[in-house]
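First comes the structure, then the notes that go with it.
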Amino acid sequence: DTVLSRVMDILLAFPVLLFSIALLVILRLIGDLGPLSGDTLSFAALILIIGGFGWAYPARIIRGQVLSLREKEFVEAARSLGARSSRILFKELLPNLVAPILVYSTLLLPVNILTEAALSYLGVGINPPTASLGQMISDAQRYARIDPFYMFIPGLTIFIAVLAFNLFGDGLRDAIDPKSSR
């Protein structure tokens, strides 16, 4: 628990955007890394960066939920009946953690969408000709004075996608926990 907490603290304090830019530029200069090259290398690097740095915040929240649940009466009752730690974890704690995990997963999707769009906008994300909304906004800057609508469509698409996932996450939280303070 202590080691994982310190790893989460380090990941939360790490400048993810700067590290992402530096790593993606280095990988683009290398060109290929083992069986990965080109677009496959960019996709794999983006997935590893977003996944590697994105798990710390929800993990901290889930850890807090686990610490709260382990003090509840049903866990004490299971312990007093002689249940093993694995049974308490999988039969008592995990069913109570499904709702927060689902909700935080839906709320993480917009962050991941924005991260990919930001990296592609800066020119270090997905390589053209593969479509990326950030790359589309970056390309549309050249034509902003002539046709501002060209920049408006990808920006609106990002806005709608992020808003939809945030509303879905809020709705899911309200549906799973109707007694919340909202």
Side-chain angles (χ1 to χ4, degrees), residues 1-24 26-27 33-36 40-120 125-126 132-134 158 160-182:
D1 181 54
T2 304
V3 172
L4 276 177
S5 294
R6 294 309 135 235
V7 169
M8 287 186 282
D9 291 340
I10 290 169
L11 287 176
L12 289 171
F14 207 78
V16 178
L17 187 61
L18 293 175
F19 177 77
S20 302
I21 293 169
L23 182 65
L24 290 168
I26 289 169
L27 288 176
L33 190 64
L36 302 175
T40 309
L41 182 61
S42 293
F43 287 138
L46 277 172
I47 290 168
L48 288 175
I49 288 169
I50 291 172
F53 287 100
W55 68 271
Y57 182 70
R60 174 171 273 189
I61 293 170
I62 299 301
R63 178 184 173 272
Q65 292 282 331
V66 169
L67 293 177
S68 171
L69 285 174
R70 79 174 183 187
E71 304 300 324
K72 299 284 183 179
E73 292 82 15
F74 64 90
V75 174
E76 292 296 325
R79 271 196 200 115
S80 67
L81 291 173
R84 294 182 185 169
S85 296
S86 60
R87 178 177 177 13
I88 292 173
L89 178 65
F90 289 109
K91 298 290 185 184
E92 305 295 338
L93 292 178
L94 199 55
N96 289 299
L97 292 173
V98 169
I101 290 171
L102 281 174
V103 169
Y104 289 115
S105 297
T106 60
L107 293 176
L108 263 181
L109 285 172
V111 173
N112 295 340
I113 291 170
L114 289 173
T115 301
E116 187 281 323
L119 290 171
S120 293
I126 303 295
S132 171
L133 292 170
I158 291 173
I160 290 171
V162 168
L163 181 65
F165 280 116
N166 278 330
L167 292 176
F168 178 66
D170 286 344
L172 188 61
R173 182 184 62 219
D174 292 343
I176 290 175
D177 187 16
K179 294 181 270 183
S180 66
S181 61
R182 290 177 39 143

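Ring planes of Phe53 and Phe14: parallel class, angle under 30° (limits at 30 and 60°).
By the 4.5 Å heavy-atom criterion applied to side chains, Pro100 and Ile61 are not counted as neighbours. Between Leu89 and Leu94, every side-chain heavy-atom pair lies at or beyond the 4.5 Å cut-off.
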Worked check of side-chain contact (heavy atoms from CB on, under 4.5 Å) between Leu11 and Val16: CA-CA 8 Å; Leu11 287 176; Val16 178; over 6 Å; no
Passes side-chain hydrogen bond (donor to acceptor under 3.5 Å, both in side chains), Glu116 versus Ser120? Steps please. CA-CA 6 Å; Glu116 187 281 323; Ser120 293; 2.6 Å; yes
Worked verdict on Leu46 versus Leu24 for side-chain contact (heavy atoms from CB on, under 4.5 Å): CA-CA 8 Å; Leu46 277 172; Leu24 290 168; 3.9 Å; yes
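Atom CZ of Arg70 sits about 11.5 Å away from atom OG of Ser85, to the nearest 0.5 Å. Within the model, atoms NZ of Lys72 and CG of Asn96 stand 9.0 Å from one another, a figure rounded to the nearest 0.5 Å. Rounded to the nearest 0.5 Å, atoms CG (Leu108) and CD1 (Ile101) are 12.0 Å apart. Note that CZ of Phe165 is 10.0 Å distant from CG of Asn112, once rounded to the nearest 0.5 Å. With rounding to the nearest 0.5 Å, the separation of CG in Leu114 from CG in Leu133 is 10.5 Å. Atom CG of Leu48 is separated from atom CG of Leu23 by 9.0 Å, given to the nearest 0.5 angstrom.
The two atoms that bring Arg63 and Ser5 nearest to each other are NE-OG, 3.1 Å, heavy atoms only. The two residues Ala59 and Met8 come nearest to each other via the heavy atoms CB-SD, 3.5 Å. Contact between Leu12 and Tyr57 at its shortest, heavy atoms only, is CD2-N, 3.9 Å. Smallest separation of non-hydrogen atoms from Gly169 and Thr106: CA-OG1, 3.1 Å. Nearest approach of Gly54 to Pro58, heavy atoms of both residues: O-CD, 3.3 Å.
Looking only at distances, no side-chain donor or acceptor of Ser68 sits under 3.5 Å from a matching main-chain atom of Gly64.
Within a 6.0 Å radius of CZ in Phe168, other residues, nucleotides and ligands contribute 12 heavy atoms or fewer.
Screening residues 63-117 for ring pair (Phe, Tyr, Trp, His ring centres under 6.0 Å) gives no qualifying pairs among residues at least two apart or on separate chains.
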